[in-house]
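Down below is the structure, laid out as structure tokens.
Positions are given from 1, in the same order as the sequence printed here. Both ligands and their constituent atoms are indexed starting at 1 by order of listing.
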Amino acid sequence: MRISVIGCGYLGAVHAACMAKLGHTVVGIDVDERKIAELSAAKAPFYEPELEELLEDVQQTGTLTFTTDIAAAAGSDVHFICVGTPQKKGENGADLTYVDSAVENLLPHLRPGNLIVGKSTVPVGTASRLAAVLLDREPEAHLVWNPEFLREGHAVSDTLHPDRFVYGVEDGAEHHPSVAVLDDVYAIPLSTGTPRLVTDLPTAELVKTAANSFLATKISFINAMAELCDAAGADVTRLADAIGLDDRIGRKFLNAGIGFGGGCLPKDIRAFMARAGELGADQALTFLREVDAINMRRRSRVVELTRELCGDGLLGKRITVLGAAFKPESDDVRDSPALSIAAQLQLQGAVVTVSDPKALANAARRFPELHYVQDVDSALQNADAVLLLTEWREYRDLDPHLLAKSVATPRILDGRNVLDPAKWRAAGWQYRGLGRP
Ligand code: UDX
């Protein structure tokens, strides 16, 4: 099929490359010229495992091109909307400017029978509103909402082998003409038995926000347990192992630590609360306020623990923060708890050095006042305390004996509870986890 993908960020660039991999002829469109130039040269504009290899692979076949010209969408059968929906400035709601303008700019290039497929995460009700616009301007085209569930760091495999497809269509009916078209687009993954659910438009939009709210709640639940474990002298990692063995609960997403961040979970739960308020159902989501509050409390807790760890306050203390990205295998620093903690420590008088295998350039753009050192050994020289805040494999594998020789004082705060406390203590370190005795 001929496919256009509008918006080539973390979602769209991966989606465009994966659709070409599935055998379609794809044009990726974005207003950002630098991004388009990089993608055209088979370079990923951000770090995502497997993406660059995939871009090289499919561009050799000539079935994937990139452009800034929206007119290139003409001639495609299916148009995916993959633009961002960031949090509005100073408000909890989602900013829909990019979605609205993507659809508006696409309208003149549509032909009867075309499909617009929304993938961006939007407040419930957006798809019906856009469907009404489409009905007015190109009544023979259709709109579908087909949310993505991909995780950064696994975006390529999550797109090629998703755990489910959700198609939101106007009447929610299996025989809606758009269903067969999307089935053709996803023929390869569907052929392996991937579940596919057809719903109405608002249900499809809600599936995405409900899934992210559940994940955020799971993380804040275990972080609340970590607070309790700290107060009672218990170990939250063993607690998670034990409750996780109940398969109604499950062990995944029960890692207590510095909390969730990134471009999705924090803004999605806030936009969800804002939308519930508009719909007069705000009471249903007041618990998400608590989920958000528990999550943000993690950051101040780590600052306090670092102060305790340093003994006599933060002023002038040399602190090395390992990790700037919001999670490993990503260079994304949007709402990164690691970077937010580093910045708070610096504001309170510490001399902070941040290291990260991939995210330093993005981090430096956001917080230019922090000191960045790529090489871990150099970053650790003469540190008064070390904070492990993003659990990259290379940090988990650090040798406490070797490291003890570089730092001024061997003190470590394990913000992700991924190190073996006994091993680090045996190597002479003062070890502090979160919710661990
Ligand atoms: C998330 C959803 O998983 C995905 O389905 C959705 O489409 C987009 O948002 P992503 O933002 O890539 O994906 O990150 P995810 O792997 O979900 O992690 C989110 C945050 O939670 C990270 O900061 C991570 O460090 C944190 N986390 C995750 C924990 O603190 N503990 C856990 O046990 C798991």
Side-chain angles (χ1 to χ4, degrees), residues 9-12 14-15 46-49 51 82 84-86 94 119-122 146-159 161-166 204-205 207-226 236-237 239-241 243-244 249-272 291-292 294-299 301-302 322-341 356 359 388-392 395-396 414-418 433-435:
Y10 284 94
L11 167 62
V14 173
H15 194 68
F46 47 84
Y47 176 70
E48 180 62 42
L51 179 58
C82 294
T85 51
K119 292 203 81 68
S120 309
T121 302
V122 290
N146 170 223
E148 52 79 22
F149 304 103
L150 56 87
R151 299 160 298 164
E152 288 180 29
H154 305 269
V156 171
S157 61
D158 283 355
T159 307
H161 315 283
D163 47 18
R164 79 284 209 194
F165 287 106
V166 175
E205 295 169 301
V207 167
K208 175 59 193 268
T209 21
N212 276 354
S213 301
F214 190 86
L215 294 173
T217 304
K218 212 171 170 188
I219 300 169
S220 278
F221 171 81
I222 201 65
N223 281 329
M225 293 305 111
V236 73
T237 63
L239 175 98
D241 292 342
I243 64 172
I249 298 174
R251 180 63 177 84
K252 288 182 185 163
F253 262 68
L254 281 186
N255 295 323
I258 62 172
F260 58 82
C264 287
L265 299 192
K267 70 133 172 104
D268 286 356
I269 62 170
R270 290 173 195 155
F272 201 18
V291 165
D292 202 358
I294 293 168
N295 192 52
M296 298 312 282
R297 213 150 63 215
R298 302 310 288 163
R299 305 178 183 192
R301 173 81 184 135
V302 170
L322 298 179
F326 84 102
K327 67 189 259 189
E329 296 302 326
S330 172
D331 66 356
D332 195 348
V333 298
R334 286 176 294 172
D335 208 351
S336 165
L339 208 48
S340 147
I341 289 165
D356 190 285
L388 195 169
L389 299 186
T390 312
E391 68 279 32
W392 288 91
Y395 300 153
R396 303 168 72 139
D414 178 5
R416 298 290 186 168
N417 288 338
V418 288
L434 299 179

Notebook entry, point to check: Does the Lys208 side chain pair with the main chain of Glu148, one donor and one acceptor, at a distance under 3.5 Å?
Noted result: yes

Next item on the list: Could you tell me the separation between the SG atom of Cys264 and the CZ atom of Arg334, rounded to the nearest 0.5 Å?
Entry: 6.5 Å

Next item on the list: Return yes if a side-chain donor-acceptor contact under 3.5 Å exists between Lys267 and Thr121, otherwise no.
Entry: no

Check: Any ion pair linking Asp292 and Arg270 (charged N to carboxylate O, less than 4.0 Å)?
Finding: yes

Notebook entry, point to check: Which parts of the protein, at residue level, reach under 4.0 Å of ligand 1 through a heavy atom?
Noted result: Glu148, Phe149, Leu150, Arg151, Glu152, Lys208, Asn212, Leu215, Ile219, Phe253, Leu254, Asn255, Gly259, Phe260, Gly261, Cys264, Leu265, Phe326, Lys327, Arg416

Notebook entry, point to check: With a 4.0 Å cut-off, would you call Arg299 and Asp335 a salt bridge?
Noted result: yes

Item checked: Ser336 (side chain) donor-acceptor with Asp332 (main chain) under 3.5 angstrom -> no

